[in-house]
There are 2 protein chains.
Amino acid sequence: MGVSKTELFTERQNELASIAKTLGHPARIAIIEHLISINACICNDLVNELGLAQATISQHLKELKNAGIIKGSVEGTSICYCINPEAWNKYRGLFDAFFVHLPTLKIAACSTNCGD
Amino acid sequence: MGVSKTELFTERQNELASIAKTLGHPARIAIIEHLISINACICNDLVNELGLAQATISQHLKELKNAGIIKGSVEGTSICYCINPEAWNKYRGLFDAFFVHLPTLKIAACSTNCGD
DNA sequence: TCGTTTCATTGCAATATTACGATGGTTTTT
DNA sequence: AAAAACCATCGTAATATTGCAATGAAACGA
């Protein structure tokens, strides 16, 4: 039906999936990486940097803002965006905790059980 | 249009977004974590473990298999799934490299520029 | 062989996502 | 005040995703 059954999963699983979903578009990855490389806040540059329309960029920025990954502040006629370090570190922690699993011992056991 | 303009981004950005998208559903997170906790391969258990229909679980397993995160091998009438450690480590590396950015110095600069 | 178990696949309905043109609001510049 | 610059939002079209019932396909046991 196009809607996820979030009530079946833990809050952490839903949160991890939600932030992964936010990162699940190359434009949003590119926006984040450009924000980081510029080491400061951007706005209309993203429209020129990536090849997407202004409305599309604005839409992606909104999603990133909703997720908390970035924040923006008014700066004259333009809006200055930057990474939100608190959310950034929180999400890094979530992914770290997720990927830290699967030590060597488990790898061996799994390979054995799966054959192949 | 519902379709991403992948040609605008680097291969790495597309790959990172793709794997993030695969992880962007709580059922797939739950499947992965259950596979890890069982330390071996599962199949029909997932239908009982999560509250989703068999067809739905099968669909999620297919996506995880397409991404390479898991692999399955026939085991009698059932199919044994497990984490694919090579892909796992590769994706962990991608996320690590992504999140490793934003050292303390940049945090300070960004906060200053953004006001707030 | 026949039924059972276990999955994958198909077909469908409901909803979500992606992209963009057009429009409007806010702030600066002239 | 008028024009310009910048951005968010609305509306729309095309496509993707989610979930499930129903149906097949493959392997096992009686």
Side-chain angles (χ1 to χ4, degrees), chain A residues 1-9 13-14 17-31 34-35 41-67 70-82 114-115, chain B residues 1-9 13-14 17-31 34-35 41-67 70-82 114-115:
Chain A
M1 318 182 174
V3 62
S4 302
K5 292 194 151 185
T6 56
E7 72 275 8
L8 297 177
F9 314 103
Q13 286 172 333
N14 282 317
S18 175
I19 181 59
K21 193 175 184 180
T22 301
L23 297 179
H25 193 291
R28 294 193 284 270
I29 296 287
I31 287 174
H34 194 247
L35 282 183
C41 310
I42 309 284
C43 49
N44 200 13
D45 295 350
L46 290 165
V47 178
N48 303 319
E49 188 70 16
L50 321 179
L52 291 169
Q54 184 264 323
T56 308
I57 297 289
S58 192
Q59 203 171 358
H60 284 305
L61 286 171
K62 186 181 180 184
E63 271 188 72
L64 291 169
K65 217 168 22 174
N66 284 343
I70 68 174
K71 53 184 179 179
S73 58
V74 181
E75 193 101 353
T77 95
S78 61
I79 292 192
C80 178
Y81 283 105
C82 64
C114 272
Chain B
M1 318 178 176
V3 62
S4 302
K5 291 194 152 185
T6 57
E7 72 275 10
L8 296 176
F9 313 103
Q13 287 172 331
N14 282 317
S18 175
I19 181 60
K21 193 175 184 180
T22 301
L23 297 179
H25 193 291
R28 294 194 283 271
I29 296 285
I31 287 174
H34 195 247
L35 282 183
C41 309
I42 308 284
C43 50
N44 199 13
D45 295 351
L46 291 165
V47 178
N48 303 320
E49 189 70 16
L50 322 178
L52 292 168
Q54 185 265 321
T56 307
I57 296 288
S58 191
Q59 202 172 359
H60 285 306
L61 286 171
K62 187 181 180 182
E63 271 188 73
L64 291 169
K65 217 168 22 173
N66 284 343
I70 67 174
K71 53 184 179 181
S73 58
V74 181
E75 194 101 352
T77 94
S78 62
I79 292 192
C80 178
Y81 283 105
C82 63
C114 271

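So you know, we letter chains A, B, ... as the sequences are listed, proteins then strands, and number each from 1.
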Picking from dA8(C), dG21(C), dA16(C), the nucleotide nearest the side-chain atoms of Val3(A) would be dA16(C)
When rounded to whole Å, the CD1 to P distance for the pair Ile79(A) and dT27(C) reads 10 Å
Which of dA21(D), dA19(C), dA22(D) is nearest the side chain of Ala53(B)? It is dA21(D)
Considering only heavy side-chain atoms of Lys5(A), the closest of dC7(D), dA19(C), dC20(D) is dC20(D)
Ser58(A) has its side chain closest, among dC20(C), dC6(D), dT9(D), to dT9(D)
Looking only at side-chain N and O atoms, does His60(A) come under 4.0 Å of OP1 or OP2 in dA19(C)? yes
Here the distance between atom C1' of dC20(D) and atom CG of Leu52(B), to the nearest Å, is 10 Å
Separation of dA8(D) atom C1' from Ile70(A) atom CD1, nearest Å, is 13 Å
In this structure, CD1 of Ile19(A) is separated from CG of Asn14(A) (nearest 0.5 Å) by 13.5 Å
Side-chain atoms of Asn44(A) come closest, of dG21(C), dC6(D), dA8(D), to dC6(D)
Requested in this report: Classify the ring geometry between His60(B) and His25(B) as parallel (under 30°), tilted (30 to 60°) or perpendicular (over 60°).
Outcome: tilted
Against the side chain of Gln59(B), the closest entry in dA8(D), dG19(D), dT9(D) is dG19(D)
In whole angstroms, the gap separating P of dT17(C) from CG of Leu23(A) amounts to 14 Å
Separation between OG1 (Thr22(B)) and CD1 (Ile70(B)), nearest 0.5 Å, reads 11.0 Å
One should read off an interatomic distance between Lys65(B) NZ and Ile79(B) CD1, to the nearest 0.5 angstrom, of 6.0 Å
Rounded to the nearest 0.5 Å, the CG atom of Leu35(A) sits from the CG atom of Asp45(A) at a distance of 10.0 Å
Picking from dC7(D), dC7(C), dG19(D), the nucleotide nearest the side-chain atoms of His25(B) would be dG19(D)
Winner on side-chain proximity to Leu61(B), out of dC7(C), dT9(D), dA8(C), is dA8(C)
Here the distance between atom P of dA16(D) and atom NZ of Lys21(A), to the nearest Å, is 16 Å
When Ala55(A) and Arg28(B) are each assigned the nearest nucleotide of DNA chain D, the 5'-most assignment goes to Ala55(A)
To the nearest angstrom, the CD-C1' distance between Gln54(B) and dG24(D) comes to 12 Å
Indicate whether OP1 or OP2 belonging to dA8(C) is found under 4.0 Å from a side-chain N or O atom of Tyr81(B). yes
When rounded to whole Å, the CD1 to P distance for the pair Ile57(A) and dC6(D) reads 15 Å
Here the distance between atom C1' of dA16(D) and atom CD of Glu63(B), to the nearest Å, is 10 Å
When Gly76(A) and Gly51(A) are each assigned the nearest nucleotide of DNA chain C, the 5'-most assignment goes to Gly51(A)
Thr56(A) has its side chain closest, among dT9(D), dA8(C), dC20(C), to dC20(C)
Value for CG (Asn44(A)) from OG (Ser58(A)), rounded to nearest 0.5 Å, stands at 10.5 Å
